[in-house]
Protein chains: 2
Amino acid sequence: MKRLGLDADDSGLAARTLAGVSESKPQRAVGVRDVAALAGVSRQTVSRVLNDHPDVAPETHARVVAAMEELGYRMNNAARALGTHRTRTIGVLASDALQYGPSRSMAAVEAAARAAGYWLTAAFADSGDAVSVTSAIEHLRAQAVDGLVVFAPHARTLAVLDELRIGIPTVILHAAERSAFSLDQRAGARMAVAALVDAGHTSIAHLAGPVDWLEAEARAAGFAEELAARGLPEGTVFAGDWSPRSGHEAAAALIASGVTAVFAANDQMALGLIGGLRAAGVSVPERISVVGFDDVPEAAYAWPPLTTVRQDFEELARRAVAQVIAESGSGSGSSGALMEAAMASDPIAPVLIVRDSVIPPTGR
Amino acid sequence: MKRLGLDADDSGLAARTLAGVSESKPQRAVGVRDVAALAGVSRQTVSRVLNDHPDVAPETHARVVAAMEELGYRMNNAARALGTHRTRTIGVLASDALQYGPSRSMAAVEAAARAAGYWLTAAFADSGDAVSVTSAIEHLRAQAVDGLVVFAPHARTLAVLDELRIGIPTVILHAAERSAFSLDQRAGARMAVAALVDAGHTSIAHLAGPVDWLEAEARAAGFAEELAARGLPEGTVFAGDWSPRSGHEAAAALIASGVTAVFAANDQMALGLIGGLRAAGVSVPERISVVGFDDVPEAAYAWPPLTTVRQDFEELARRAVAQVIAESGSGSGSSGALMEAAMASDPIAPVLIVRDSVIPPTGR
DNA sequence: TTGTAGGCGTTATCAG
DNA sequence: CTGATAACGCCTACAA
């Protein structure tokens, strides 16, 4: 009385139904029970096959696999999650997904997650807006993701994360030195400045990203460091906000400052700046040399082709996802062998891409 | 014997435990059972409250809500999905997520889905690569999403979709006229060309997007149509691939062709083209006027500021998500009142953004 | 190596 | 308007 109709499963070795598939299949999706019946094994054995459990006889394994194919079996994740308390899903909080870096990272994270057999649930937020970030994180937590990859480009995002005290494995990205896995912004900035100094420039300005943005801060720090390391005086810093507009608007002040070279914190500003400079009759690189950061697709084909710094987002994403998965596997925070590989890794070094926007200063 | 320890629920009106929360809570997350016990109702009633079922007495409702708050209850989606056969998740296949349009759409789709109480599972693919698209779709289907939003910018993507015969509600985006919801590329292209013609140009070329890309095709069609409508001869079409590089490379041929104006199928190519033109000593817009498409952030601050066409991705996403949800609610494909609103809507009209890259042709 | 017996947390169904 | 009971499809014990 406890069982309903189609429970003809787990009844000894009922390998009889191997021939006909046209049994009475009243509307229900095939499950382990059906596969088990067809293969003449128990549900449990099917489950073992599904999870690559070692202790299954090759012959049995084959029979089960065949049955799954024949029935077109597809696992039900909800059911699995209900039992295991794990969803095999990692959540991504994508802040500023329209920016070049984050969007690259996003795609890379997805690829890495999928390769690892995980699903990706995404939420987008406005990094500067605490409410937006909070709601996105809550949304993700409600989804019961196994781990989180959070893009936290803004200091405020980090603050929000701290308050939330998320109870699941979390990796923070795009937070410069504040993340366990990062692209070495500071080193990249130094390379950019070095290119300028090596070309003979001594009067160099920095067109910075917005205050409170960690990567902007790191790039600005690299700018200052390299100048200091070369024994040059502190450079002037102009405020930008990543947008081409801000680069464009900074042109006038930059011209007035009399510098011969500029390190822009990203390519978009560099491009906007060049636009502004030319609009004001100042030629690039003849009067002012420019270096950008990111190597956006436009950079190579702008006029002049932009010297810039390229980063490896794919590698960053790989490491981040590996970490989240490893941590979620071992119950978030246990010690042991895993911790070894799970620790923060060295920042990933960027590469300087030399093009035509930098030449030696002309004797004005 | 069938029940375990903490099953002190559904036992008449057990509203006694309202005071102490420090019961014996042995490690398990709070569920409806706990809430029910605290509120002195059955699990079913809690479930009704959770699902906004109308037939619940206000007073009961309030008590349940209070209990949920007190216990910090959070719903378990896996369990819900197991019962309902619906995940409240919509899958997004994001092809070419690095392009401006798709990335905007992606964020917009997420916002729309979240607003509707749905989750978003994302997969990225290479639109031109059938294998990549297939695997991404399979991935999404395995996740048992309720519906799909597929970016199908490439004709091949559509072909793959046809073969797959997905069994769930699907909305296709970025496939120009082949999607039920679309941004009116053709009309946008006509606006762009009209701007050129209105300025007095009669010798106009088109820098097209890649062949087989539906939106590129639609834009090219709009180009041809407007020219014909104005009684002008067919314009020359140059092949591009959306990239700034291709725009840059097209410069030489364009100059040789002697046209006085160009309609580029996207801003990136327009920008690359301008770079190439200037590198060749041809000034824009003095010698050649240029119109782009998309209104990327750079467009306004390039040199010269680019005249272009802006599209409303947010509106597109809203409609697409609404459609998917409506369809999935009514068992994918039923007829009835829903079908009315579910039909394809008119293409969304873009807007011409006039800036400085277009001037009347100079008397060379 | 394989099978048996529950339970995971929610919703659906049918009573009252 | 509210409650009891049986799924939902898989997994983790424990047993054989």
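These values consider heavy atoms only, across backbone and side chains, with no hydrogens, waters or symmetry-generated copies. Just so we're clear, the structure is a prediction, and the values are computed from it rather than from any experiment.
For A:R48 and C:dG3, a side-chain-to-base donor-acceptor distance below 3.5 Å is present, hydrogens and geometry of angles not being considered.
Between B:L50 atom CG and C:dG9 atom C1' there is a gap of 11 Å when expressed in whole angstrom units. Spacing between atom CZ of A:R86 and atom C1' of D:dC10 amounts to 15 Å, rounded to whole angstrom units. Atoms CZ (A:R74) and P (D:dC8) sit 20 Å apart, rounded to a whole Å. For B:R33 and D:dG3, the CZ to P distance is 16 Å, given to the nearest whole Å. Rounded to whole angstrom, the span from the CG atom of A:D52 across to the P atom of D:dC11 amounts to 11 Å. Taking atom NE2 on A:H85 and atom P on D:dC10, their separation rounds to 17 Å, with Å as the unit. Protein atom CZ of B:R63 is 14 Å distant from nucleotide atom C1' of D:dG3, rounded to whole Å. Put simply, CG on B:L82 is 10 Å from C1' on C:dT11, counting in whole angstrom units.
Heavy atoms of B:N77 sit nowhere under 4.0 angstrom from any nucleic acid atom. Residue contacts for A:V56: at a heavy-atom cut-off of 4.0 Å it reaches the sugar-phosphate backbone alone, with no base atom in range. Counting non-hydrogen atoms under 4.0 angstrom, B:D55 reaches a base of the nucleic acid.
Between D:dC10, D:dG3, C:dT4, one nucleotide has an atom nearer to the side chain of B:S42 than all others, and that is D:dG3. Nearest to the side-chain atoms of B:S47 among the listed nucleotides C:dT11, D:dG9, D:dT12 stands C:dT11. Listed nucleotides D:dT12, D:dC1, C:dT11 differ in distance to B:R43; the shortest reach to its side chain belongs to C:dT11. The side chain of B:Q44 lies closest to C:dT13 when the candidates are C:dT13, C:dT4, D:dT2.
Taking only side-chain nitrogens and oxygens, A:N51 comes nearer than 4.0 Å to OP1 or OP2 of D:dC11. Phosphate proximity of D:dG3 to B:T45: present, with a side-chain N or O under 4.0 Å from OP1 or OP2.
With A:D146 contributing its side chain and A:I90 its backbone, the two residues share no donor-acceptor pair below 3.5 Å. Side-chain N or O atoms of A:N51 include none that pairs as donor or acceptor with a backbone N or O of A:H53 at under 3.5 Å.
In this structure, A:H174 and A:F151 have perpendicular ring planes: the angle between them is above 60°, well past the 30° mark.
Between B:T60 and A:R80, it is B:T60 whose nearest contact on DNA chain D lies nearer the 5' terminus.
For A:R141, the CZ atom is densely surrounded, since the number of other residues' heavy atoms within 6.0 Å is greater than 12.
A:D55 contributes atom CG, which lies 8.0 Å from atom CZ of A:R48 (distance to the nearest 0.5 angstrom).
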